[in-house]
Q: 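Have a look at this one before I ask anything.
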Amino acid sequence: MDREQFRKAAYAAADRICDYFEKLEKRDVVPNVQPGDIAGLLPQAPPENGEEWSEIAGDFDRVVLPGITHWQHPSFFAYFPANTNYESILADMYAGAVSNPGFNWSCSPTCTELESVVMDWVAKLLGLDSRFHNASGVGAGVLNTTASEGCLVVCIAARERYLRLYPDTRASDFVIIATDQTHSLAAKAAKLLGLSFHAIQTKKENDWSLRGDQLREELEMLKGQGKKPFILIATLGSTSTGAIDNIPEITAVTADYPELFLHVDAAWGGVQLALPECRPESFADAINASAVEGKRGEVHSLIVNLHKSGLVMFDASCLWTGDRSLLTEALDVTPHYLKTEQAEQGQVVDLRNMGLALGRRFRSLKVWFVLRSYGVSGFQKHLTRLNDLTVVLERLVTGEIDGVEKLDVELFTPRRFHLLVLHVRALPSAEVDKLDAAALLAYENALNAAVYKISTGDHSLMITATSVGGQECVRIAVGSSQTEERHLRELVEKLRGMIKRAREETPLP
Ligand SMILES: *Cc1c(COP(=O)(O)O)cnc(C)c1O
């Protein structure tokens with residue numbers, strides 16, 4: 001393809017993308033394909049001779065779209081939002097033009113410096129204390145692909161920190177601690193590092209979040225077994241229910257365990273820190289506070305994914321630490337060919353020394369474009385809109401909106417930001433009264449599983465199921481920038497039908 005052909009192809013691609021968004025609502029959310037259908041549309045080997053661009057581009061409609069689950073669709077209520085927008089799409093196009101691996105400052109000074117500055121922008125947007133800012137010269141903010149990658153990075157940093165304090169620690173004694181509501185990234189990091197993992201069982205009465213007294217008990221128990229818990233992964237907005245671990249209680253405990261690294265996984269919930277009214281429930285003050293010896297521990301690192309409801313297209317996972325040397329001491333490996341004068345003189349930071357890979361994508365460009373185009377107020381408005389819509393959904397479900405009958409379902413946990421978790425209960429009857437606790441639980445789990453199963457047969461929407469404390473639930477994550485109240489009303493009516501059918505089709509034990 002030459003430059004003139006590219007020019008035309010790029011205009012046509014923009015048209016095709018606009019077409020996609022224009023007609024998105026008319027599509028099903030979930031594609032109607034079976035495993036292997038899409039692979040079956042593809043040749044088994046690359047073509048011997050190059051093909052015409054028109055043919056290649058046409059396959060976006062013929063091959064790609066038929067197998068796409070439309071996360072931008074207004075009736076996508078599964079997992080979590082993965083917002084994209086035109087600013088992000090354009091940024092990735094420009095980043096493609098200047099493609100480079102950006103590992104050193106000298107690889108492309110803009111890549112390093114823009115990332116350093118926009119990470120401070122995001123920190124300010126979220127109200128993070130200056131101890132996390134790149135400008136502090138001590139703290140740092142960097143972009144990773146995912147929260148999982150960032151979590152692995154901080155586990156490595158935490159292990160290194162522990163080894164500096166206690167060099168003789170045996171690998172077999174190290175334990176990563178988290179809770180049973182922590183995202184699987186914690187167990188995965190343990191697996192990748194060959195270390196043990198301990199999940200603290202959360203309780204319903206705490207809304208599935210970790211409390212201080214429980215943490216202390218578990219730390220003492222592990223220490224009694226000769227184990228060395230070296231990192232706690234706390235969560236701000238758990239995957240199942242949006243639970244928020246009690247950071248002030250946790251830091252009150254970690255004051256007595258200064259060897260324990262505290263990481264906060266705010267991959268989903270962290271963007272809500274952009275809304276001042278959401279900061280108290282997110283324990284922003286405790287996240288920001290520095291340690292006070294003997295009185296309060298501190299949050300050593302925090303991860304927030306902008307690529308969920310933060311308007312920046314996947315991937316843009318923000319990692320902050322209050323002490324960049326925690327990362328560089330664990331990850332800086334500088335062979336001769338990576339040495340630069342600027343880094344040797346301490347004028348610049350080489351971002352590769354704060355992450356796993358050498359090469360890194362130019363992600364800061366899309367963050368910069370989005371933040372400039374939306375502004376702080378636009379970013380906040382986007383989140384407020386999602387949260388307000390979810391309040392409407394909650395009121396539709398609970399029958400607080402005129403003309404809409406209450407849905408025959410309970411809220412499993414209180415609404416968290418733009419996540420609602422529903423639970424279908426057994427209807428009172430003489431037969432249900434006779435069930436023992438285990439049989440009732442099994443029956444209610446079957447009811448909830450049935451609602452989810454029925455939902456998978458309706459491709460016009462997508463929701464997800466989860467299980468918390470042994471109880472099955474149905475999760476509704478509101479998050480597409482295109483979702484409006486009418487989509488929620490439609491969802492509620494569809495759920496009504498699904499719940500009714502689940503009750504009819506699920507036999508009592
Ligand atoms: C989505 C999510 C993750 C995983 O995010 P990746 O960036 O895909 O690794 C981890 N933790 C929480 C709480 C999440 O919501």
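Read the numbers this way: they start at 1 and go in the same order the structure lists the ligands and their atoms.
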Q: Name the residue from Phe230, Phe197, Phe261 that meets the ring-ring contact (aromatic ring centres under 6.0 Å, His included) definition with Phe174.
A: Phe230

Q: For the residue pair Leu386 and Ser309, what are the closest heavy atoms and their distance?
A: CD1-CB, 3.9 Å

Q: Which part of Thr146 is near ligand 1, with near meaning a heavy atom under 4.0 Å away: side chain, backbone, both or neither?
A: both

Q: For ligand 1, which atoms, with element, lie under 4.0 Å from some heavy atom of Ala267?
A: 2 (C), 3 (C), 10 (C), 11 (N), 12 (C), 14 (C)

Q: Nearest protein heavy atom to atom 9 (O) of ligand 1, by residue and atom, and its distance?
A: Ser148 OG, 2.5 Å

Q: For atom 15 (O) of ligand 1, what is the closest protein heavy atom, and at what distance to 0.1 Å?
A: Lys308 NZ, 2.7 Å

Q: Work out which heavy atom in Thr254 is nearest to a heavy atom in Gly297; give both atom names and the distance.
A: OG1-CA, 3.5 Å

Q: Short list, please: which atoms of ligand 1 are under 4.0 Å from a heavy atom of His307?
A: 7 (O)

Q: Using the six-membered ring wherever Trp is involved, compare the ring planes of His418 and Trp268 and label them parallel, tilted or perpendicular (cut-offs 30° and 60°).
A: tilted

Q: Run down the list Leu185, Asp265, Thr182 and name the one with the heavy atom closest to atom 13 (C) of ligand 1.
A: Asp265

Q: Heavy-atom distances under 4.0 Å are what count here, so tell me which part of Thr145 touches ligand 1: side chain, backbone, both or neither.
A: neither

Q: List every atom of ligand 1 that sits less than 4.0 Å from any heavy atom of Gly237, numbering the atoms from 1 in the order shown and giving each element.
A: 13 (C)

Q: Given 3.5 Å as the limit, does a donor-acceptor pair link the side chain of Ser99 with the main chain of Gly96, or not?
A: no

Q: Out of all atoms in ligand 1, which are within 4.0 Å of some heavy atom of Ala147? Include the element for each.
A: 5 (O), 6 (P), 7 (O), 9 (O)

Q: Report the nearest protein non-hydrogen atom to atom 10 (C) of ligand 1: residue, atom name, distance rounded to 0.1 Å.
A: His183 CG, 3.2 Å

Q: According to side-chain hydrogen bond (donor to acceptor under 3.5 Å, both in side chains), who are the partners of Thr84, at least two apart in sequence or on a separate chain?
A: none

Q: Looking at Asn305, which atoms of ligand 1 are within less than 4.0 Å of one of its heavy atoms?
A: 5 (O), 6 (P), 7 (O)

Q: How far apart are the closest heavy atoms of Leu24 and His73, and which atoms are they?
A: O-CD2, 3.3 Å

Q: Is His307 reaching over with its side chain to a backbone N or O of Ala316, donor-acceptor style, under 3.5 angstrom?
A: yes

Q: With backbone taken as N, CA, C and O and side chain as the heavy atoms from C-beta onward, which portion of Ser317 lies under 4.0 Å from ligand 1: side chain, backbone, both, or neither?
A: neither

